[in-house]
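Quick notes on the structure that follows.
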Amino acid sequence: MVEQNLGDKAHPGATRPPGAPPPDLTARQVRRMKRFDNPWRNPKLIWGAGLLLSIVALGILGRLFWDTDLVFTGSGMPRQAPVGVENIRGQIGSWAHPLGTDVSGKDLLALLIVGAPNSLYVGVLASLIGMSTGIFLGFTAGFVGGRTDDVIRVLSDVMITIPPLLILVVFQAAYGDISLTLMALLIAAFVWQSPTRLIRAQVLSMREAGYVQMARLSGASTGHIMFREMMPNLVPYLFGSFIANVTTSIVTAVGLEVLGLGPQRIPTLGRVIYDAINSGALIQNLWWWWGIPTLLLAVMFIGLLLINLGLDEVSNPRLRRL
Amino acid sequence: MTVLDIRNISIDFPTSKGVVHAVSDVSLSVPQGRRIGFIGESGSGKTTTALAAMRMLAAPGFVSEGEIHLNALGDTDILSLSEEEMRRVRLRKISYIPQGAMNSLNPVMRVETQIWDGILAHEAGVTQAELQRRSDAVLEGVGLDPKIVGRLYPHELSGGMKQRVCIAIGVCLQPDLIIADEPTSALDVITQRHVMQTLREVQARIGAGLILIGHDMGLMAQSVDDLAVLRLGELVEFGPVRQILENPQHPYTKELISSVPLVGGESFLDPTPAEVPKGFTTQDGTPLLELRGVGKTYGAVTALHPMSFTLDGAVPKIISIVGQSGSGKSTMGSLMLGFSPPSTGEVLFKGQDINRIGKADQLTFRKQVQAVFQDPYACFNPFYRVDHALKFPFKRFGLAQSEDHVRHAMEEACRAVGLDPSLVLSRYPHQLSGGQRQRLIVARALMLSPNLLIADEPVSMVDASLRSSILKNIHDLKDRHGISIIYITHDLATAYHVSDYVMVLYKGHVVEAGPPKDVIGDPKHTYTRLLIDSIPWPEVGRDWGSADDARAALDELARIGGTPRTVYRGDIPGFTLRQG
């Protein structure tokens, strides 16, 4: 019944009876259909991962080929424009500082090499911690049920209503300078609720699924049912939730940093933007100072968004379009 | 006069794996007032062909060749109409009665409003009084009281009533052709008879042609005039239903007809067992399974009224539990597996209360009591290849001696249910059909050779031809491995043949029980009799009765609804049943 040679069938145009819905299968569409044989070869997923990897690559290659000590004050002439661009004083940017420098002479390229992966690190770490907590609590609530379930559910529902930025501002203002890891931990305290709810709901419905009943019938232990039967089917949800959490975490982290509440001595993208705003970069037309880190943040978010959309299509075939 | 004329139609579905020819070169015409049945297994193209006449093919599918003519349109080919012209044809000239009535009605609209919607889409300027009059008329035509039912919302109706509302919508504009796509597939036999009779009467009244799509030879024999047998997108046989049933030409048609088991017909089992059945006996005569006053309630709803029975395993037996959906038969299965605790009474397996088994003995219990679940689609973890479901319990119960032994056992089990192990074992569940999955579940249970097997509709998704051969295999393996089986089903014909004892369940009560030859062969209880009368047999001569007969029977059933008394029809050794 199935013909392998799609080539000649792809353009039946002439033989079609008039009025029949046009098949309209161009070679391009055939290629696109083929792609769905392996859902993971999703263009959105690939592009998104590529964008994020480019940030990581910036960190690694930059450390190999560029001097990261240039992040310190006075490493170069202040207010230098990127290569080939004239700054307000008529100085033309040189290769010594390809992306220019800020008002205190910090090299912007070095700042980005150190800062961009730091921002990503905070986001990923916070999300990892939040996810792990979420998986643990979600499974416990869904599986154990009863009083435990009530406690976990009420806790996560209450936590969801508290605006994280408010608490973090208060906390950080009291704490003063903190490390990146501590910052990630703090943010993690606000991103575990939605994975908890998601996983709890999934576990509750999966508990009644035929294959879980089947596993029980086969004498499977609770651990086996949780991690060998249920967990693999949750992977698309977990991935999706993880990526969404990374986005939230980075937004939160950058938000705090732009308010000047992040780590004081470690360069991050938010910190660079904070400094730029603080030193009047907008008025002095030092556009590269705030513009380039913002661009990198945009790349990061677009990458994360694409991955999320891609994962959506992987786990929900109905979203895939021809 | 020919209402619909399908000429040399071919339908293709382009997919990433190549073009699938869903229908190839089918020609057929539907005369006015005649009922045509499309029969064939799933994927045979019967629905696709009918939908092409409505121009409602699912997304990538298209008509690659052929013409479809509708008498009302003169010479114009349906396929050349514009979308707006086609819209005007639908419902007015051709109406479609969908498979799942529960999902086809708008849940937020009253029944009569939905009928008005159909009328207003085709006729402008109909007054409210006229609408009301017409909706009342069609509702009455399908045996529903327009004063009451018209004002109700779909969720307030039963499945059969919803399906009749769909019929009412389908005929409200008196179309030339009605296409009914398995209109009774979700209904039990008693309601099915009522709905089918209603459909036939309405169709005869308005003189429309009818295309009935289905896979049940018995239903076709009772409902249509001509039968079209489709297989893999080709029309293999077409003719008057009597001629096809009495003198089928194509081997596939013969297979379809011969595979329907009949009550009182020839048994598909070997008359003499191949070997002496091997049983299970305890020293002190403790029964294998004992239910003591077991009942189950869910809130205010009683799923199962207290009942008791004992089953000893000395000679392995098949005990059938039959009844409609909602009769409490699946609840019984889940109670016997210890998946849900009974509300009253206790379930004992080899003298031990299965809800009080310690952690240590749990595995031993599971090893001895296995099940085949109803829904084969849900039973496989989509993440693993299907052999996971067979391999895991085998190893877990310590039955495996080596990897080779596991593989050998799996292959043997697959062959016992008619599957080619090299083809299925390394597949993912979504790559297998419902029937294949169901057979694998049966294979899994048999390979563990338990003492007790709870089989909940084990062959419901298998084609009729395979059904009897799998049941025969189960029957043989029961003797070889000494497996006592509780067979839960709504299929009375197979229960008649395979079982040693039958319990008929109605609303959580056992209404009739005894050996199958008495209970099913010569039913005494009103409910059992109604159940058996409602089964459509593939015999043209048999009269299924009119819609009024069916309605009268339903009324009588409602009358005895409260506390029906059990009719005991005799005992068999090793099994005793009591009420309460």
Side-chain angles (χ1 to χ4, degrees), chain A residues 1-13 15-26 29-38 205-222 224-225 228-236 315 317-318 320-322, chain B residues 12 14-22 24 43 55 57 59-67 76-82 232-233 334 337-339 362-367 369-371 373-384 388-389 392-397 429 441 444-445 448:
Chain A
M1 259 175 83
V2 174
E3 272 183 16
Q4 284 302 329
N5 56 335
L6 202 65
D8 53 353
K9 275 281 168 188
H11 299 281
T15 55
R16 213 158 38 78
D24 195 27
L25 266 190
T26 59
Q29 274 176 315
V30 172
R31 252 202 331 275
R32 298 182 83 174
M33 279 169 101
K34 287 247 191 261
R35 214 162 41 209
F36 294 129
D37 292 347
N38 182 356
S205 76
M206 241 188 247
R207 234 166 51 149
E208 303 305 317
Y211 57 89
V212 171
Q213 304 272 343
M214 216 62 190
R216 282 173 68 190
L217 199 64
S218 305
S221 61
T222 311
H224 176 98
I225 291 178
R228 300 288 300 282
E229 301 283 341
M230 288 180 163
M231 193 74 129
N233 291 299
L234 280 173
V235 165
S315 55
R318 263 180 295 182
R320 293 177 212 158
R321 270 191 312 253
L322 288 182
Chain B
D12 288 353
T15 70
S16 61
K17 295 257 163 54
V19 175
V20 177
H21 302 300
S24 26
R55 283 254 311 265
L57 286 174
F62 65 97
V63 179
S64 59
E65 266 170 82
E67 295 171 22
T76 355
D77 183 358
I78 274 195
L79 299 170
S80 64
L81 294 179
S82 74
L232 301 177
S334 130
L337 283 170
F339 273 11
Q362 196 78 40
L363 201 61
T364 332
F365 169 67
R366 284 279 170 248
K367 190 180 157 186
V369 182
Q370 277 299 316
F373 290 128
Q374 200 168 3
D375 180 4
Y377 287 96
C379 277
F380 288 95
N381 193 332
F383 187 77
Y384 295 105
H388 171 83
F392 173 71
F394 201 64
K395 287 183 175 164
R396 177 83 187 153
F397 294 144
I441 297 284
R444 172 194 167 280
L448 301 172

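Each chain gets a letter, A, B and so on, in the order the sequences are listed, and its residues count up from 1.
- K367(B) is not listed as a side-chain neighbour of L448(B), based on a closest heavy-atom distance of 4.5 Å or more.
- Listed options F373(B), F380(B), F392(B) were ranked by heavy-atom pairs under 4.5 angstrom with chain A; first place goes to F392(B).
- At a 4.5 Å heavy-atom cutoff, the contact between F397(B) and chain A is made by side-chain atoms alone.
- Interface residue L337(B): only side-chain heavy atoms are found under 4.5 Å from chain A.
- Taking the ring centre of F339(B) as origin, the terminal cationic atom of R216(A) falls inside the region bounded by 6.0 Å and 45° from the ring axis.
- When side chains are defined from C-beta on, C379(B) does not count as touching R444(B), because their heavy atoms never get closer than 4.5 Å.
- Separation of atoms CG (N381(B)) and CG (N233(A)) is listed at 4.5 Å; rounding is to 0.5 Å.
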